[in-house]
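The basis for the numbers below is simple: all heavy atoms, side chains too, and nothing from hydrogens, waters or symmetry mates.
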Amino acid sequence: MTRKTALTDSTARWRDAPIAPIGDERSSDRCAAPPAEPPPTAAPPLESLRDKNAGEPAIDPDATSEESPRGIVARLATIRNSSWLVSAALHLLFLIILALLTYRLGGTERGLLIDGAWSGADSTTPLESVTLAEATADNQSEQQDLPVEVDLSIISKNVANASIIAPQQASAVQDDALVGLQTGGATTAAERVVFLGGGGLAARTPEGRKKYGDRYGATRQSEMAVENALRWLAEHQRDDGSWSFDLRLSPCDGRCRNGKKANDDTPTPSTAATGLALLAFLGAGYTPEVGPYQDVVQRGLYYLRSTAAESEFGYDWQQGGSMYGQGIALMAISEALGMTKHEDRFDSDLFHYAQRGTRFTVIAQHDSGSWGYTPGSPGDTTLTGWQILSLIGARKAGIETRSDTFTRAKEFLMSVREGPEFQFGYRTPKAEKTTTAIALTLLIYLGQTPGHTLFDEAIDKLAEQGPTLTNVYHDYYATLALHHFRHRDWESWNNQLRDHLVRTQATEGHEAGSWHFRDQWGDVGGRVYTTAMCALTLEVYYRFLPLYDEPPEFPL
């Protein structure tokens with residue numbers, strides 16, 4: 001008989017024990033089938049094996065390893081133990097590779113590099129700092145198409161009452177520009193551009209118009225004049241949502257007199273006419289969401305958005321090389337943004353245009369601090385006035401500006417001052433009435449407070465001279481200055497100008513509700529310009545809360 005193997009018995013458990021004697025009962029128990037006949041070349045007869053092993057003790061194949069004389073080599077020779085050995089070797093090799101990889105960690109320019117090294121007890125290892133390079137256009141190119149979350153934490157919960165935060169890094173003011181700037185004797189305050197509280201838009205509601213109109217001098221007749229002016233402006237809005245200073249064009253078709261002067265090559269962009277008309281509607285509290293002119297205002301804002309020329313410096317509303325269009329359009333966009341904001345909700349489209357338009361205006365400022373007809377050119381007081389007011393409106397709506405923009409603008413105003421009095425010129429210190437009114441108003445917005453003798457005297461002189469009654473540019477800015485200053489002669493000034501505008505408003509034909517006065521600027525902008533400016537003047541009571549008269553209902 002021969003020993004059973006896996007080839008002869010597939011059900012038998014593989015064992016590696018020596019062959020037991022034939023007479024052993026355990027052997028007979030394991031053999032369930034007759035043994036196969038041995039081949040001719042089989043092992044020696046059982047008798048010889050018995051004789052050979054006669055002197056050795058019998059081995060029980062089921063005995064434990066302690067009883068079995070089997071060696072370690074024999075154990076490892078089994079197929080099952082061999083596969084375990086291969087698995088252990090492979091795992092050990094894998095762990096060694098991981099250890100080698102972990103021991104040295106490589107990084108890119110955006111990561112870290114950690115090097116390990118063996119060292120003795122007495123060795124020292126210098127510590128090196130890790131410098132993270134600033135992100136560049138090259139290593140951020142893959143992020144350019146990712147959405148950007150706009151941080152709106154700078155927007156107040158009530159934009160109408162949000163105060164403007166002073167720039168944190170204002171450029172130094174030269175000594176010659178500080179002459180007469182001491183506000184109430186506080187030298188340190190004079191060296192900074194400090195934006196005042198107040199000036200908010202919260203009163204632009206039906207209730208606000210009644211309350212503050214009654215408080216500061218509006219009448220039923222003046223409010224009717226405002227509504228008639230807005231009706232006239234709405235009737236002269238063009239099909240594309242714009243307004244034009246040239247009344248020979250549709251929809252007026254020349255039915256109103258005193259449009260833009262013929263053969264006058266002064267730039268009068270439609271963005272300026274549209275922005276000016278929109279400011280009159282917004283000043284009365286009418287927005288794309290509130291009031292009887294929602295569609296008119298919405299179409300006007302859409303026109304300004306559609307005509308914003310994209311440039312590498314932001315949105316450009318010049319239209320033919322006039323920064324008047326830029327400043328007035330941006331002012332209208334910024335006020336619309338502030339008035340349509342509700343708690344944390346705002347018009348993201350208006351925010352985008354206000355932000356990009358603000359950037360263009362800031363970059364267009366000349367080194368002198370002024371703005372000219374074209375970006376970067378030396379400017380004058382009138383153009384600078386619209387840019388400053390538009391940027392202040394943008395700041396109130398939550399748009400950030402460059403820190404030195406307003407300080408430089410203030411330096412320019414002081415450079416055209418005919419000192420020591422606070423009288424101002426157009427481009428030089430040769431004082432003029434209109435430019436003085438503009439500059440005094442701008443200085444109030446830029447932080448000039450009551451209490452400085454020379455400045456107070458200039459405001460007193462403005463009030464004493466009274467309104468011109470025909471130069472609406474001067475009268476508009478002078479009215480703003482006296483309103484914000486809460487001048488003691490406000491009532492006298494207001495009664496005279498208010499009643500004059502009510503009396504002179506057109507009441508017949510296609511011109512009903514409009515104004516026109518022949519003067520330097522009225523002949524250039526024509527009836528659209530004059531009507532919008534007169535409406536803004538009659539809205540002064542509630543259009544802006546006074547900078548120096550903080551109502552308790554609107555804490556700032």
Side-chain angles (χ1 to χ4, degrees), residues 204 206 209-210 213 217-262 268 270 272-287 291-300 303 332 467-473 475-476 479 494-519 521-543:
R204 298 185 184 188
R209 289 180 64 172
K210 178 66 169 63
T219 63
R220 183 178 63 85
Q221 291 79 9
S222 69
E223 285 294 273
M224 288 179 60
V226 169
E227 294 302 320
N228 289 333
L230 297 180
R231 177 189 53 78
W232 185 88
L233 288 171
E235 291 175 352
H236 286 75
Q237 185 178 32
R238 306 178 72 186
D239 292 340
D240 61 359
S242 69
W243 279 266
S244 174
F245 292 119
D246 192 347
L247 295 178
R248 294 171 298 177
L249 305 177
S250 176
C252 186
D253 295 323
R255 287 178 287 174
C256 290
R257 298 166 297 167
N258 310 114
K260 177 183 177 181
K261 183 186 294 185
T268 52
S270 62
T274 302
L276 203 58
L278 285 174
L279 286 173
F281 287 98
L282 295 170
Y286 299 145
T287 72
Y293 297 106
Q294 297 179 32
D295 182 63
V296 171
V297 177
Q298 182 63 58
R299 290 168 57 216
Y303 175 79
T468 66
L469 303 180
T470 56
N471 182 351
V472 295
Y473 207 4
D475 291 350
Y476 165 73
T479 299
N494 175 65
N495 291 344
Q496 185 180 0
L497 180 58
R498 177 200 63 203
D499 294 346
H500 167 74
L501 293 180
V502 170
R503 286 193 307 267
T504 56
Q505 187 178 36
T507 58
E508 297 180 356
H510 204 256
E511 296 176 353
S514 65
W515 287 273
H516 180 264
F517 304 106
R518 300 192 64 86
D519 74 338
W521 288 279
D523 290 338
V524 175
R527 194 170 290 270
V528 170
Y529 154 80
T530 307
T531 301
M533 293 291 284
C534 288
L536 291 172
T537 302
L538 291 176
E539 294 168 355
V540 67
Y541 318 105
Y542 43 80
R543 184 167 173 242

Spatial distance of atom CG (Leu538) from atom CE (Met533) [nearest 0.5 Å]: 12.0 Å
pair Thr470-Arg518: side-chain heavy atoms closer than 4.5 Å: no
Ser270-Tyr303 side chain donor-acceptor pair, cut-off 3.5 Å: yes
Residue pairs involving residues 232-244 (criterion salt bridge (charged side-chain N to carboxylate O under 4.0 Å, His left out); sequence neighbours excluded): Arg231-Glu235
Side-chain touch Thr531/His236, heavy atoms, less than 4.5 angstrom: no
Of all pairs that satisfy salt bridge (charged side-chain N to carboxylate O under 4.0 Å, His left out), the ones with a partner from residues 526-535, not counting sequence neighbours: Glu511-Arg527
Atom pair CZ (Arg498) and CZ (Arg503), whose distance is rounded to the nearest 0.5 Å: 10.0 Å
Student check: side-chain heavy atoms of Thr287 and Arg204 closer than 4.5 Å: no
Close side-chain approach of Leu247 and Arg257, heavy atoms under 4.5 Å: no
Distance in Å, Glu539 CD paired with Leu230 CG, rounded so as to fall on 0.5 Å steps: 6.0 Å
Any Trp243 side-chain heavy atom under 4.5 Å of Leu278 side chain: yes
Note, Asp475 side chain near Thr537 side chain (heavy atom, < 4.5 Å): no
Aromatic ring pairing Tyr529/Tyr473, orientation class (parallel under 30°, perpendicular over 60°, tilted between): perpendicular
Any donor-acceptor N/O pair, Asn494 side chain to Gly217 backbone, under 3.5 Å: yes
Thr504 OG1 to Leu469 CG distance, which is reported to the nearest 0.5 Å: 8.5 Å
Set of residues satisfying salt bridge (Lys or Arg N to Asp or Glu O under 4.0 Å) with respect to Arg255, sequence neighbours excluded: none
Heavy-atom side-chain proximity of Leu276 to Val528 below 4.5 angstrom: no
Atom pair CD/SG of Gln237 and Cys252 - distance to nearest 0.5 Å: 14.0 Å
Nearest atoms (heavy-atom pairs only) where Ala234 meets Val296: CB-CG2, 4.1 Å
Nearest-0.5 Å distance that lies between atom CD in Glu223 and atom OH in Tyr542: 3.5 Å
